[in-house]
Structures are given as C-alpha cells and as structure tokens.
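Structure record follows, encoded as structure tokens.
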Amino acid sequence: MGGTMGKKWGLFLCAFLAASGTFADAASKHVNTVSGVTNAAPKGYVPPLVSNGSLCMLIDYLGGQAQTHYVNMTPTIFWEGRRYGPPKDQLIPFGRFETDVFADGQKQPLPAKWSQTLDTRSALVSCRNEYEGGLTVETEAFCPFAGDLVVVRKRVSSSNPALRTARLTFTYRFMPPGNENKPPRRVTCTSAWNAVAKCAEFRFQADAQRPCEGLVAAFADRPVNASVDRQVAALTADLALGGQPAEVTFCLLFADSLDGKDYAARAAKLQARVLQDGYNGLFAEHQKAWGAYWNESYVRLPDTKLERAYCTAQYHLRANATKWSFPVGIFNTHWAGRFFGWDEMFCYQALVSSNHRDIARRGPEFRQAGLKVALDRVAHYGKPGLFGARFPWETMEDTTEAAPPGFWMDHVFHMSNIALAAWFQYLYTDDLAYLQKTGYPVIKECARFFLANMVYELPDGRVVIGKCTDLERLGPAKFNPFMTSCGAIYTLEAGARAAQLLQADEAEAADWKRAAAKLRESLPAEGDRYVPYAGCKDESVATLGGLFPYPIFDEAEPRQREAVYHYLKNGRAFGNMYQMGTSVCAWYLGWMAAALAGLGDKDEPVKMLDEAADGAGCFGEMFEINEEKVSRTPWFSTASGNVVYALNQMLVQNRADGMIRLAQGVPAAWKDYAFKLACHGDLSVEVDVKGGKLARLALLPGDAAREQRRTLSLPAGLLDGVSLDPSLGASVSDQGPNKRIEVRFKGPAEMVRGN
C-alpha cells in the first residue's frame, strides 16, 4: 500500500474501510475506520481531528503525533487565540506527544497491523496497534469541553502468556529540541517535575500578539517514573500483563493568563477534578455534552456514504467552534486560525439551520464585539457619521485585521455575509431583544457601508456597485459584479426589514430599500441569464449568488435559473477557487447543491453532494481541494459548512414570505429518510418518510405557549393516502406538484403520526 497506489484507489480503500471497519458498531454513520500494516497508510490518509474549539490537533494511527507530513500538515497541538505577533500572526505551536511501547524490556517497532477509528458522535479517536509477539496497545483520545485538556487512555493486553510486563513511555515535547528559548521565537519556558502535584510542569511566557504567561502540565492517573529535561517530559508507566488488560491515562492540561491571572489555581483545580473523576467520569461528561449537540437535530438517509460525510461535517463544525467564531481551521496551515467574515458565514448557516442556534450565535456576537474597530476603519478621523463599518478580511481574536496585502483586501462581499448571519440569527430565533442589541447594529452598519462607499448612481440612471474584487478567481477591480451586488441587495433589504421591526432609522431604511431595488434592475446580464460581470469570458459559481449565498431570488426568476444551469453545464473547468485542479471542489459542490435545491431541482443536488462525499478523506473529512495531483487544506470547515447547509436545504427551506418548503430537493429514489431541522421563527420540524409516504410530521416550537399559524409546502406524493390530525384544523390545497398546508397550533403539533 502507499507509494504507487493511485489517489482514486486510495480514497476508495478509505471509504471501503470506513464502511466495513472492525470496531463495534462499524455500520454506524458516525464510525469511520481505517486500517493498515506497519507504517503503510492508504494514500490520501490524513489523521482525524481532535478538538474542543480551543485545543486542536491531529492524532495519528499510532495514537500519537509522529512528525509525518500529511498534505502539508504535521501533527501539532494548537491553542486558539495564542499567536505570535506580526508579520504573520501565526498560532503558537504547543508541542506534541508520542508513546514508546516496551514488552518485557524490549522496545517494540512499528505494529504489524493497525486500525484507527473516528467516532463522530462521541468525538473520540481510537487506535488499535497489534505488535509481533502478541502485544496489543489500544488508545482512546479526546478533548473535553470542560477545560483545555487532552485525555489519552492506553490499554495494553497480550495474547502471549509468555509476555509478563509492558512499559509505556508518554513523551511530551513542548518545543523541538534546539529551538527552545531562542530568537526569533518569543516564547520562553522553564520546566520541572512538581512532586506535590505529581506532574511535569512547563511554565511559559509568550511575548506574542497578546502577551501572556501560563503552564502546561503532563500527568497520569497512576504512579509513573518521570524525567524532565528542558522542553521534554517523559512519563513511564510499568504495567503487569495478565488476565485483564492494563490501563493508564495520560493527560495534558493547558492554562494561561489570557483566561485569567488565576491560571495556576485553575490548573490545579482541573487536575484534581480529572484525577477524582477518572477517565470514565470525564468521558461520560464528554459524551453527554456531545449528545446534547447531536440531539438538537438529525438527518437519516438511504445514501450511507453521504450521510457519513454529513455527520463528519457536523462533527467538524462543532469541534471547530471557538469561543469567538468559526475559523477555517485551528491550524497554521489554515490561515493560522484567523476568522474570515466570508467563510464563517458558511459554517454559521450550517449550524443554525441544523438547530444549533446557541453555537451559531457566536458568529454574529463576535462581529458585534468588533463593531467599533470596523467603524473606525472607515470613520472620518474617528468622527461619527453614516460611513458604516468595514470589517477585516482576516480577523484576529481582538477583532483587528491580519490579512497580508493583496487584491483580496478589496473584497466587500464579506460585509454581506456578516450581515446575513446577523439577520439569519433573528429569523431562526424570533428573538427581538437579540436583534435590537446584537443583530441590527451589525446589519445597519453593513448597510450604511454599502450605501456610502459602494453604491454608485450613474448618469444614465442606473445604480450599481463600484469596482471591487468579487470571487478571487475572477481577478481584481470588477465593475458591478453579480455576486457582490446580490450581497449588497440582501444586506440593504435585511437592514430595511430589521429597521421596520424595531421602528428605527426610518429615513435611512427607505434609502436602503430604494437602493436595493435599483441594484436589482442593474444586475449584469447577457441574453437570458445573469453573468459574473459585464463582458466576462470565464464561467463562475458567482452567478449562483442570487440563490446562494444570498437568497434574493426564488425559482421564479428566469435569468437566475438560466445562470445556474448554464454554470452546471459549462463551469466544471472553473470548479475551484484557484486556477488549479480539474474537478469541482467540495465547497463549490455544496454551493451548487444549495442553489439547485432552491430551484426545486430533485436530481442534481444529490449528485453534487455525492461527488463531494466521493472526494472526502478517509474519515469523511472535507478538503479545500482533493484531487489526484492537487490536494490542499484537509479538515476545511468552509466545505463542511456548505455540504451540511446544502443537504439541509434539500430537506427544509424557509422562504421570505414565511413558507416552509419540505423535501424540495429530495430525489425520487429516496423512499425512506428522516430529519429534524430548524425553521425560521423559533421552530423545528421533524419528518419521517417511509416507503415514499409521510409517517411523521411534527412542528416543534421553542415557545410552547405561543399560538402560531404556519404554511407548509411539500411534494404531493408524500401525502397520498395520509391523513392529517383533524384537531389541528389544517387546510390542504394543491400547489402545482406540491401540496400547501395551512395550520394553526399551540405547542408541539403532531400533524402526521404512525401512518
């Protein structure tokens, strides 16, 4: 296996092993298993992600972090928010760990065979290493939400009665030897064994983007022999082999002054709790926290491969959710964990449409927290005015700009994404207090920005968006580009609607509304379809922008429909953000699927998402690009967000007129599927289809005391022979190929059950 194997065969093998893994419950959509021998992994293998949204790392099939390169990534522990200063504002690497295995005093070479599993429901990585001579070492690793902690349990057993003892040496390296405490690094560290706390302590000071001090502690749940030498600590556990497997749990604990000057006391308290609760107690709490996340929504499909990729993407979105917002990834290879107002919205939409509303709201709240910085960016020497706010292209935790110079600095569509997320949060929650305090201040300043800085009225009466960078592949300085214009329209219209709800800024809102209407009239078109910009010779996914990301049209707009199907037919050569590769990247495939679902297409969306699943990694993870000759950025959260949101759109769509459209993008071949997803207006919907007919349809409001009236639209065939609960007084009417249902209810409404 390995070197000479083609990428397609390697990816097939990963997928096959994921579907037929050797671990318990291997058929589960949440269990992804890969196997190999010695140091041979399937081509395309990238270790699974382990993260709690603060600490983030890859853990390899040996249950550690050997310094092997995987698509430019080398396993390292990163800690979001801890970064060096200029010029690149890189995340500070916080070391790595590995384990050496000895049997009867002999160091074991690489295992004869191995398997590795990512269980996305439990957020657990497991490894099984079987060595020549009968020794087996199993590893389980996770990062709990309860603190900045890495938990690694090792279980050792033997099928050979002659083996009597085993030794495990867990080695943590704070920095590579020879680099410690030397320029240009700005992190210094002293280390020692703390005999009282029974841990190796690395006390560090970081002269960084945000100066801090802190500690890393390495300890075990049983007595160990320890050695600490400069930046390296080795904890050795001697284990007796017999009838039952022997176990030891190693932990790495991180605490620093950025979370409070009492970091040493917090670290001691967390260590005491870890030792008191033990591995089982920690993992039970970890499972409970992840269970609450998964219970907020679900999707069950007849398409096992797609469902598995969807579940990995859902896992990725939660694991990548920092206390600030949603970066592309918490790795230096992923733009150093910085926050893109553009990309974070794709993660946001996936989370909020999946009913993860409390996690999703971190995005709009982060932007509201950075509003002053964004206002100052375009203010007249700090004077108040109506210039709006200009948010950074790449934002750091303190909400300042970190992007290097380049034509990407002339994007403005990220302003629309920020406004859209702020508005969506209100639409999904119906929380007027949120809108007033958090959402509207952000939306308003984005609308002001467009009107003051980007909207031009031409002598011929047209109103257009001025020159800017649209999608980077189209190049700089594009006049009145379609997608950016759609985003401006959405922002201005959302601002006007929000102002009306809050009875605020009446005159400005009227100007926003007028400008949006005029911009709609001037969108670039050629013949019967919209184009990226006037005179454009290239194809671009940007021409789908009026459906996704910015739903300013529905299926009735003919020029938008023609633009979508024109790109579907002609755009595959332009299927990556960069001018490289020959396929369509998963991010674009999700984009296309979401737009096509919005048109009510029942054939193409699932083809797009199946193609994305085909290009996923061994654990179902999405890449920025993943082809035979071009592979970039594994565990790419933007693609995960688009795949999740697109599938959600196939199942549930919310229209501006309040209608809830169900199963509009579901292919005819799907006869058995189910889902629970969010709707606008503090509501979720639960649907179960069996044999092509509705078996369950329930509306689940957040406020059970509120009486509601809702309109649903769903394919007529789902209701054939199905009776609605007569107590709800629902009225049903024909709507082309769909049925329209009007219903009034208070509390949970079981419209169909048990058919």
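Quick note: numbers below take in every heavy atom, side chains included, and nothing from hydrogens, waters or symmetry partners.
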Criterion side-chain hydrogen bond (donor to acceptor under 3.5 Å, both in side chains) on Ser353 and Asn648, from CA distance to verdict
CA-CA 7 Å; Ser353 64; Asn648 291 353; 2.9 Å; yes
Who pairs with Glu621 by salt bridge (charged side-chain N to carboxylate O under 4.0 Å, His left out), at least two apart in sequence or on another chain?
none
Crowding at CG, Asn72 (>12 non-hydrogen neighbours, <6.0 Å):
no
Exactly one of Tyr293, Trp294, Tyr298 clears side-chain hydrogen bond (donor to acceptor under 3.5 Å, both in side chains) with Gln314, and that residue is Tyr293
Salt bridge (charged side-chain N to carboxylate O under 4.0 Å, His left out) contacts in which one or both residues fall within residues 316-335, not counting sequence neighbours:
Asp259-Lys323
Residue pairs passing the side chain to side chain donor-acceptor pair (under 3.5 Å) test with at least one member in residues 283-292, sequence neighbours excluded, are Ser122-Gln287, Arg273-Glu285
For Ser257, give me all partners under side-chain hydrogen bond (donor to acceptor under 3.5 Å, both in side chains), at least two apart in sequence or on another chain.
none
Geometric cation-pi criterion, Arg153 with Tyr279: 6.0 Å, 45°
yes
Is it the case that Arg338 places NZ or CZ above or below the six-membered ring of Trp335, under 6.0 angstrom from the centre and within 45 degrees of the axis?
no
Identify the heavy atoms of Ala422 and Ile443 that sit nearest to each other, and give their distance.
CB-CG1, 3.7 Å
Qualifying residues under salt bridge (charged side-chain N to carboxylate O under 4.0 Å, His left out), relative to Arg361, sequence neighbours excluded
Glu365
Describe, in one word, how the ring planes of Trp342 and Phe346 are oriented to each other, choosing from parallel (under 30°), tilted (30 to 60°) and perpendicular (over 60°).
perpendicular
For Tyr263, all residues meeting side-chain hydrogen bond (donor to acceptor under 3.5 Å, both in side chains), sequence neighbours excluded:
Glu213
